Student: 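This is the structure I want to talk about, given as structure tokens.
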Amino acid sequence: MVLAMLFSSFAFVLFMYQLYTMERGGLFYATGVCQLLACISVFTAALIYAIHVDKFHLHRQSGGSFGYCFVLAWLAFPLALLSGVMYIHLRKRE
């Protein structure tokens, strides 16, 4: 999840740089790729946690829930995917 935050932050900085330096009609490919890497990082982190939750919480009660942060991670995955696809298709206008 930390890696996803770094990719998202770098994508934002890169987007701001491209917004002011790119020619009109250009596509934000680099920003979209960074967002897609963040999406893959979120997916991987949530999946690893779901599979290995018993190793992270040794005294976990059976039948318990994962918690709201786990749900937020799975909500962040499609949002980051949508954001990455939108950045790739986004064109700069005047």
Side-chain angles (χ1 to χ4, degrees):
M1 292 305 282
V2 173
L3 191 60
M5 287 294 296
L6 290 174
F7 279 132
S8 291
S9 299
F10 182 68
F12 175 72
V13 171
L14 187 61
F15 173 72
M16 294 306 280
Y17 173 75
Q18 287 179 330
L19 188 63
Y20 292 110
T21 59
M22 192 179 356
E23 301 173 354
R24 183 176 180 206
L27 294 170
F28 297 98
Y29 284 124
T31 304
V33 168
C34 286
Q35 258 329 83
L36 290 175
L37 287 173
C39 170
I40 292 170
S41 298
V42 167
F43 177 76
T44 304
L47 193 63
I48 288 172
Y49 182 77
I51 292 171
H52 298 291
V53 68
D54 294 330
K55 293 179 184 175
F56 296 128
H57 301 289
L58 298 177
H59 304 291
R60 182 174 178 256
Q61 297 175 0
S62 62
S65 66
F66 284 107
Y68 66 92
C69 290
F70 183 71
V71 173
L72 287 176
W74 281 112
L75 286 175
F77 165 66
L79 291 175
L81 180 65
L82 180 68
S83 175
V85 170
M86 284 176 57
Y87 273 130
I88 288 175
H89 290 290
L90 186 67
R91 288 190 182 273
K92 183 180 177 188
R93 298 181 184 166
E94 274 307 311

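All of these numbers come straight from a predicted model, not from anything done at the bench. These numbers come from the heavy atoms of this one structure, side chains and all, not from hydrogens, waters or symmetry mates.
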Student: First locate atom CZ of Phe28, then atom CG of Leu19, and finally report the distance between them rounded to the nearest 0.5 Å.
Tutor: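 Atom-to-atom, Phe28:CZ and Leu19:CG are 5.5 Å apart.
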Student: In terms of hydrophobic clusters joined by side-chain contacts under 4.5 Å, are Tyr20 and Tyr17 together?
Tutor: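 Tyr20 does not cluster with Tyr17.
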Student: Which atom names give the shortest non-hydrogen contact between Ala4 and Val42, and what distance separates them?
Tutor: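 So the two residues come closest at CB-CG2, 3.5 Å.
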Student: Please report the closest heavy-atom contact between Cys34 and Phe7, naming both atoms and the distance.
Tutor: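 In terms of heavy atoms, the two residues are closest at O-CB, 3.7 Å.
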Student: Are there more than 12 heavy atoms of other residues, nucleotides or ligands under 6.0 Å from atom CZ of Phe70?
Tutor: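 Yes, the 6.0 Å shell around CZ holds more than 12 heavy atoms from other groups.
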Student: Roughly how far, to the nearest 0.5 Å, is the CG atom of Leu3 from the CD1 atom of Ile40?
Tutor: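 The CD1 atom of Ile40 sits 10.5 Å away from the CG atom of Leu3.
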Student: With sequence neighbours left out, what residues match Tyr87 under ring pair (Phe, Tyr, Trp, His ring centres under 6.0 Å)?
Tutor: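 Tyr87: ring pair (Phe, Tyr, Trp, His ring centres under 6.0 Å) contacts with Phe15.
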Student: I'd like to check the ring pair (Phe, Tyr, Trp, His ring centres under 6.0 Å) partners of Phe43; sequence neighbours left out, ordered by chain and number.
Tutor: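 For Phe43 the ring pair (Phe, Tyr, Trp, His ring centres under 6.0 Å) partners, ignoring immediate neighbours, are Trp74, Phe77.
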Student: Once rounded to the nearest 0.5 Å, what's the spacing between atom OG1 of Thr21 and atom CE of Met16?
Tutor: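 Answer rounded to 0.5 Å: 11.0 Å.
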Student: Does anything in residues 28-43 form a side chain to side chain donor-acceptor pair (under 3.5 Å)? List the pairs, not counting sequence neighbours.
Tutor: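 Residue pairs passing side chain to side chain donor-acceptor pair (under 3.5 Å), neighbours aside: Gln18-Thr31, Gln35-Ser83.
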Student: Go through it in stages, so that I can follow the logic: the residues are Leu27 and Leu90, the test is side chain to side chain contact (heavy atoms under 4.5 Å, CB included), and I'd like the CA-CA distance, side-chain angles, deciding distance and then a yes or no.
Tutor: CA-CA 6 Å; Leu27 294 170; Leu90 186 67; over 6 Å; no
